[in-house]
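All residue numbers in this chain count up from 1 along the given sequence. Hydrogens, waters and symmetry mates are skipped; everything else that's a heavy atom, side chains included, is used.
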Amino acid sequence: MKEREITALEAALGYHFRRRAVIEQAVTHSSQAREQEAQLAGEGKYKVRDNEQMEFLGDAVLALVTSEELFHRFPQFREGELSKLRAHLVSERHLIRVAQQLELGHYLRLGRGEEKSGGRGKTALLVDALEAILAAIYLDGGFEVAREFVVRHVIEPELEHMQREGGTLPVTDFKSALQEAVQGLGLPQPAYVLVEESGPEHSKTFTVEARLNTKSSKEPELVGRAQGSTKKTAEQDAARQLLTFLASRSKAAEAPVAEGAPHSAVK
């Protein structure tokens, strides 16, 4: 990374690194590391470190800090409520917003193939980089500094947003919520179908449809369609679409779904 890029990233993070090597590793994707190794193959064994191990460490630090913070902030919550809130705060859906606000895509070191495929905007790469950067802060400055970063960027803004919205815990398991909803409406359970799988092996994109029959026909009447870096993420988003649609229909009529409901994908 160029000096001005490191300075700009440090300003966004609110932290100055004493060891530049750790932050450079944190933003180095495996595609860039393998490219550099290939270029230097003629000079003997040469290992370029990427951010995968740091992502592992950062994920653990994030989980610990979030658990500790929620434990102290919400002593009245039961274990299940704390677990649900933590799951939301460390979820890909929330962390991608944090990564985008910090504009981490500008600082990623990517291989040519990943660059051409739009890697700077990929959710999985941005979230991985955020967790790796957290590990870099932890390794360079210690646990307390890392805790302050998580609280400032990950926890407090979202808790304040939730309080403004009424203080309710967000739904994070949309598949379970949809299962309960269709049971209450007397409908069969939805089916989740993988319809497309694309991208390189290390960074695939999965397209999943959640299909729901609301009549006696064999064809699904409602279809939610979503993409994600994992099949689980795509299934959750597709389920969220169906859940939102069912909720909107229930407000309009007593019947779960009116005659002539759309067969196209739920937006």
Problem - Distance, nearest 0.5 Å, that separates CG of L104 from CG of L13 - result: 7.0 Å
Problem - Side chain to side chain, L62 and L95, heavy atoms closer than 4.5 Å - result: yes
Problem - Nearest non-hydrogen partners of E92 and S229, listed with the distance - result: OE2-OG, 2.8 Å
Practice task
Verify salt bridge (charged side-chain N to carboxylate O under 4.0 Å, His left out) between D50 and R109, making sure each step is shown before the conclusion.
Solution key: CA-CA 9 Å; D50 57 49; R109 300 177 65 194; over 6 Å; no
Problem - Qualifying residues under side-chain hydrogen bond (donor to acceptor under 3.5 Å, both in side chains), relative to R20, sequence neighbours excluded - result: E3
Problem - Non-neighbouring partners of A239 that pass side chain to side chain contact (heavy atoms under 4.5 Å, CB included), sequence neighbours left out - result: F174, K175, L178, Y192
Handout entry: Partners meeting side chain to side chain contact (heavy atoms under 4.5 Å, CB included) with F71 (sequence neighbours left out)
Key = none
Practice task
Quick one: pull up CD in E209 and CD in Q241 and give me the separation to the nearest 0.5 Å.
Solution key: 10.0 Å
Problem - Any side-chain heavy-atom pair of I6 and E24 under 4.5 Å - result: yes
Exercise for the section: Identify whether L130 and F56 are in the same connected component of the hydrophobic contact network (ILVMFWY, side-chain heavy atoms under 4.5 Å). Expected result: no
Problem - Main-chain N/O of R78 paired with E81 side-chain donor or acceptor, under 3.5 Å - result: yes
Practice task
Take atom CD of E144 as the centre, draw a 6.0 Å sphere, and report whether it contains more than 12 heavy atoms from other residues, nucleotides or ligands.
Solution key: yes
Handout entry: V65 and F143, any side-chain heavy atoms less than 4.5 Å apart
Key = yes
Exercise for the section: Could you please spell out the steps behind the side chain to side chain donor-acceptor pair (under 3.5 Å) verdict for R86 and T66? Expected result: CA-CA 6 Å; R86 180 183 61 189; T66 305; over 6 Å; no
Handout entry: Side chain proximity check, R211 to L222, heavy atoms < 4.5 angstrom
Key = no
Handout entry: Side chain proximity check, Q183 to Q189, heavy atoms < 4.5 angstrom
Key = yes
Handout entry: Residue pair L139 / R19, side-chain heavy-atom distance below 4.5 Å
Key = yes
Practice task
Working to the nearest 0.5 Å, report the span between CD of Q236 and CG of L243.
Solution key: 10.5 Å
Problem - Test item: side-chain donor near acceptor, E158 and H88, under 3.5 Å - result: yes
Practice task
Measure the CZ-OG1 distance between R49 and T28 for me, rounded to the nearest 0.5 Å.
Solution key: 11.0 Å
Handout entry: Heavy-atom donor-acceptor pair, S83 side chain to E79 backbone, under 3.5 Å
Key = yes
Completion exercise
The reported gap from CG in L126 to CD in E103 (rounded to nearest 0.5 angstrom) is 11.0 Å
Handout entry: Sub-4.5 Å side-chain heavy-atom contact between F17 and L9
Key = no
Practice task
Take R73 and E69 through the salt bridge (charged side-chain N to carboxylate O under 4.0 Å, His left out) test and state the conclusion after the steps.
Solution key: CA-CA 6 Å; R73 287 186 183 226; E69 195 68 19; 2.9 Å; yes
Problem - V195 and V208: CA distance, side-chain angles, deciding distance, side chain to side chain contact (heavy atoms under 4.5 Å, CB included) verdict - result: CA-CA 6 Å; V195 296; V208 171; over 6 Å; no
Handout entry: Within-4.5 Å side-chain heavy-atom neighbours: Q25 and M54
Key = yes
Practice task
Taking atom NZ of K204 as the centre, report whether more than 12 heavy atoms of other residues, nucleotides or ligands fall under 6.0 Å from it.
Solution key: yes
Problem - Side-chain donor or acceptor of H94 paired with backbone N/O of A87 under 3.5 Å - result: no
Practice task
Could you walk me through whether L89 and L70 pass side chain to side chain contact (heavy atoms under 4.5 Å, CB included), step by step?
Solution key: CA-CA 10 Å; L89 291 171; L70 296 181; 3.9 Å; yes
Exercise for the section: Kindly check if the number of other-residue, nucleotide or ligand heavy atoms within 6.0 Å of CZ (F74) is above 12? Expected result: yes
Handout entry: Side-chain donor-acceptor contact under 3.5 Å, T205 with Q227
Key = no
Exercise for the section: Give the intermediate values and the outcome of side chain to side chain contact (heavy atoms under 4.5 Å, CB included) for residues E131 and N51. Expected result: CA-CA 9 Å; E131 293 176 339; N51 64 6; over 6 Å; no
Problem - Non-hydrogen atoms of F206 and K231 that approach each other most closely - result: CD2-CG, 3.5 Å
Exercise for the section: For side chain to side chain contact (heavy atoms under 4.5 Å, CB included), just list the numbers for I23 and D140, CA-CA rounded to whole Å, side-chain angles, deciding distance to a tenth of an Å, and then say yes or no. Expected result: CA-CA 9 Å; I23 185 57; D140 191 69; over 6 Å; no
Fill in the blank from the handout: What one should report as the nearest heavy-atom pair of A135 and G58 is CB-N, 3.6 Å
Handout entry: Any donor-acceptor N or O pair under 3.5 Å, side chains T207, E197
Key = no
Handout entry: Minimum heavy-atom distance between A136 and A26, given as atom pair plus value
Key = CB-CB, 4.0 Å
Fill in the blank from the handout: In this structure, CZ of R147 is separated from CD of E68 (nearest 0.5 Å) by 7.0 Å
